[in-house]
Amino acid sequence: MKCPKCGSTIEDGMFLCSKCGYEINYVPDYEPEIETKIERSLSKVASGVSEQKAGQRKASNPAKKSQGGSKTSAGKASGRTSGSGSKPGSKSGSRPGAKPSGSKASGHAAKPASRPVTKSNEGELDEELLRRYGLDDHTSRLPTQEIPVEEIKKRIPTQEIDQNSIRSISGDAKKKKNGTGGAANRPATKTKPGAKPAAKTAEKHAPKKSEFDDEFDDDFWDVEEALDFSGAGKFFAGLRDNVAARIIAIIVAVVVIALGAVIGINIYKNVKKNSFEYKYEQAVKAYDAGDYAHAVTYMEQASVMKPKELSLQYQLAEYYQKNNQTQNAILTYRNIIRDFDSDIIVAYTKLFAIYESVGDFESINKVLGECTDQTIVTQFQQYLADPPEFSMAPGAYDDPIYLKINANTTGKVYYTLDGSTPDNESLEYTTPLYLEKGAFFIRAIYINSYGLMSPVAEGDFSINVQTPDPPEVNLDSDEYDKPEIIIVEAPEDCVVYYTTDGSEPTKDSNIYKNPILMPIGSSVFMFVTYNFDDVPSEVLERDYVYKPDESVVSAAMAADIAKAYRISLGGNVDEEGNVSTPPGRLLFLTEYAIDIRGTVYYVVNEYFQDLYSGSMAKTNYSVYAVNSKDPGDYGVLTQRENGDYVYQRVSP
């Protein structure tokens with residue numbers, strides 16, 4: 001073994017370092033069985049020493065023996081040990097043949113002869129005591145080597161027990177019991193040469209004062225009791241163990257209580273922190289404080305605890321929006337629409353507001369397309385872009401039809417008639433389509449006010465009707481140098497419509513009723529026939545060029561002559577042809593020429609021009625005629641119902 005202080009080697013069995021003097025406090029491993037055996041052996045050794053010294057006292061003081069005797073220590077201890085068979089008040093050694101004190105504990109039949117203890121026979125006496133009380137039998141079974149008695153004494157750090165010490169201890173104990181004496185009256189004890197002072201040694205090895213010390217009787221240290229108490233070692237060990245156990249138990253109890261309190265507090269805090277009320281309260285506090293990130297975290301946890309609470313889902317979506325988590329807000333609103341049956345109109349409103357803010361109208365249209373509640377669809381139909389609908393089903397018809405293209409709400413419809421895909425640059429639908437004759441493959445789309453385009457609607461229409469023949473015109477396209485009258489014949493049960501500016505005629509154009517004067521200059525006539533089924537014929541075109549002989553009177557001169565005549569008639573017109581009510585002026589235009597009984601007359605029409613808009617309209621006042629060869633020959637031209645023209649001269 002090495003010295004912990006200087007590192008020198010210490011011989012086995014030694015407890016002091018021979019080099020530095022460091023004392024080794026060696027505590028062997030605790031072996032309960034061996035400890036018990038050693039304690040019993042030492043108790044027997046103490047009992048033997050007590051009897052031996054008692055015999056010496058009796059031998060040296062025979063006069064102290066009396067018939068009545070005094071109570072022996074064996075009698076005193078009989079209530080606690082089995083080492084003595086005598087009762088209190090019995091006479092010790094007064095009768096020949098009586099059993100000596102402690103005979104039952106030792107198992108001997110008679111009291112051994114007394115031998116004085118001296119320095120010379122101390123070792124022999126100890127060996128005899130060891131043999132007498134069976135110490136050899138116990139130590140022979142120990143798993144260690146035999147230790148001589150002298151070595152045992154060296155290793156036990158206690159003071160010697162001599163006669164004076166015994167008397168002192170016994171006397172103090174008795175005085176303590178009677179309320180007198182104490183440590184101050186005890187004589188000084190002897191110590192071995194070279195040993196440490198007994199006070200320090202005892203203080204070092206003495207058991208600590210405990211709360212259980214008061215449970216023992218006051219005369220516990222009575223020598224007569226202590227030396228005759230064969231279980232003293234076990235008692236001291238039990239006392240030591242009990243005190244330590246109590247202290248440990250108290251410490252453990254305090255630790256357990258404290259630990260339990262800490263654990264309990266932590267459990268309470270954890271339970272509280274994991275409760276719905278705590279999560280919700282923290283979410284609201286964070287939201288009110290503007291800490292939207294933590295508000296979202298707590299509200300997410302709260303909503304998981306109560307997933308069927310609709311109000312929590314709405315709050316969570318609102319918190320997402322405040323924290324700029326738009327996609328999470330969208331998902332939350334869509335989950336509300338999917339998982340809840342009532343009170344979801346708010347979810348649609350807020351969801352569509354988000355989509356509209358980013359211009360995602362297609363998603364709105366998709367959500368409404370998935371909705372089975374017609375009330376909700378109707379409420380948000382402004383977001384819809386359903387395909388347009390045709391007023392008539394596609395198919396074959398024997399008569400012309402008017403086809404309407406309807407949309408679900410405000411917006412624009414675009415269509416094509418040749419089967420091509422429509423877009424916002426195709427024909428815009430404004431009025432019903434008139435399908436007269438033939439095949440039509442119509443495709444249409446609808447674009448709502450939010451710019452959302454619908455899917456394409458399409459239909460194949462076939463109109464199988466009898467088409468009327470085009471009208472017949474008496475004059476072919478050509479240049480003419482004399483006035484001509486254009487006469488048109490319509491097929492039976494048909495009506496002829498025409499234009500003079502080259503535009504395609506419709507039923508809204510001029511209806512042919514009477515022969516038409518050929519205009520002066522160039523003109524383009526377009527003619528069409530409509531039957532009673534409103535089926536049009538092919539359009540007939542005629543191009544004319546008429547150049548009159550202006551050698552005497554020109555077309556412009558003829559207009560001035562007609563104007564002068566009109567002003568001469570008076571009325572609401574001044575010399576310049578201005579009209580005060582309504583504000584404007586009269587214009588006179590030479591447009592035709594007519595042959596009346598072989599004389600060519602210019603035909604001058606009167607128009608009113610609005611002063612503010614500048615628009616012109618033909619008046620119904622008069623049509624004037626001026627002789628192309630005589631400026632003094634002019635008058636008024638009228639047309640009869642049969643189409644004949646009648647000239648009435650008005651010039652002087």
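- For the pair Leu637 and Ile596, the minimum side-chain heavy-atom distance is below 4.5 Å.
- Counted by atom type alone, Asp574 and Asn578 present one or more donor-acceptor pairs between their side chains at under 3.5 Å.
- Although no hydrogens or angles enter the test, the distance criterion places a donor-acceptor pair under 3.5 Å between the side chain of Tyr429 and the main chain of Ile405.
- Within the model, atoms CZ of Phe525 and CD1 of Ile516 stand 5.5 Å from one another, a figure rounded to the nearest 0.5 Å.
- Within a 6.0 Å radius of CZ in Arg640, no more than 12 heavy atoms belonging to other residues, nucleotides or ligands are found.
- Side-chain contact between Asp386 and Tyr446 is absent, with no heavy atoms from C-beta onward closer than 4.5 Å.
- Annotation: side chain of Asp476 is not in contact with side chain of Asp478 (no heavy-atom distance under 4.5 Å).
- Using a 3.5 Å distance cut-off with no hydrogens or angles, the side chains of Thr421 and Arg443 do pair a donor with an acceptor.
- Counting heavy-atom neighbours within 6.0 Å of Glu370 CD, excluding the residue itself, gives a total above 12.
- Residues Pro631 and Ile561 form a side-chain contact, since some pair of their non-hydrogen atoms from C-beta on lies under 4.5 Å apart.
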Quiz item: Could you go step by step and tell me if Thr499 and Ser509 meet the side chain to side chain contact (heavy atoms under 4.5 Å, CB included) rule?
Solution: CA-CA 6 Å; Thr499 62; Ser509 302; 3.6 Å; yes
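- Distance OH/Tyr645 to OG1/Thr638: 10.0 Å, rounded to 0.5 Å.
- In this structure, Glu472 places its CD atom where only 12 or fewer heavy-atom neighbours from other residues, nucleotides or ligands lie under 6.0 Å away.
- In this structure, the separation between CG on Asp460 and CZ on Phe441 is 6.0 Å, given to the nearest 0.5 Å.
- For Phe361, the ring pair (Phe, Tyr, Trp, His ring centres under 6.0 Å) partners are Tyr450, not counting sequence neighbours.
- Among residue pairs with one or both ends in residues 321-359, those qualifying as ring pair (Phe, Tyr, Trp, His ring centres under 6.0 Å) are Tyr348-Phe352, Phe352-Phe380, Phe352-Tyr383; sequence neighbours excluded.
- Interatomic distance, Asp398 CG to Ile401 CD1, rounded to the nearest 0.5 Å: 11.0 Å.
- A salt bridge links Lys285 to Glu281: at least one charged side-chain nitrogen sits closer than 4.0 Å to a carboxylate oxygen.
- Side-chain atoms of Glu550 and Tyr602, non-hydrogen and from C-beta on, do get closer than 4.5 Å to each other.
- In this structure, the separation between CD1 on Ile345 and NZ on Lys350 is 12.5 Å, given to the nearest 0.5 Å.
- Looking only at atom types and distance, the side chain of Asp610 has no donor-acceptor partner in the side chain of Ser615 under 3.5 Å away.
- To the nearest 0.5 Å, the span separating CG on Leu517 from CD on Glu484 amounts to 11.0 Å.
- Side chain of Thr619 to main chain of Glu606: a donor-acceptor pair is present (N/O by atom type, distance under 3.5 Å, no hydrogens or angles).
- In this structure, Asn406 places its CG atom where more than 12 heavy-atom neighbours from other residues, nucleotides or ligands lie under 6.0 Å away.
- At a cut-off of 3.5 Å, with distance as the only test, no side-chain donor of Glu318 or Tyr292 sits close to an acceptor on the other residue.
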Practice problem: Begin from the C-alpha positions of Asp291 and Tyr298 and carry the test side chain to side chain donor-acceptor pair (under 3.5 Å) through to its verdict. | Solution: CA-CA 11 Å; Asp291 186 0; Tyr298 282 116; over 6 Å; no
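- Judged as a ring pair (Phe, Tyr, Trp, His ring centres under 6.0 Å), and not counting sequence neighbours, the contacts of Phe461 are Phe390.
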Practice problem: Go through the steps to decide whether Glu504 and Val528 satisfy the test side chain to side chain contact (heavy atoms under 4.5 Å, CB included), and finish with yes or no. | Solution: CA-CA 8 Å; Glu504 186 172 343; Val528 67; over 6 Å; no
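- Ion pairing between a basic and an acidic side chain is recognised when a charged N comes within 4.0 Å of a carboxylate O; Lys629 and Asp549 show such pairing.
- Between Thr506 and Tyr497, the closest side-chain pair of non-hydrogen atoms is not below 4.5 Å.
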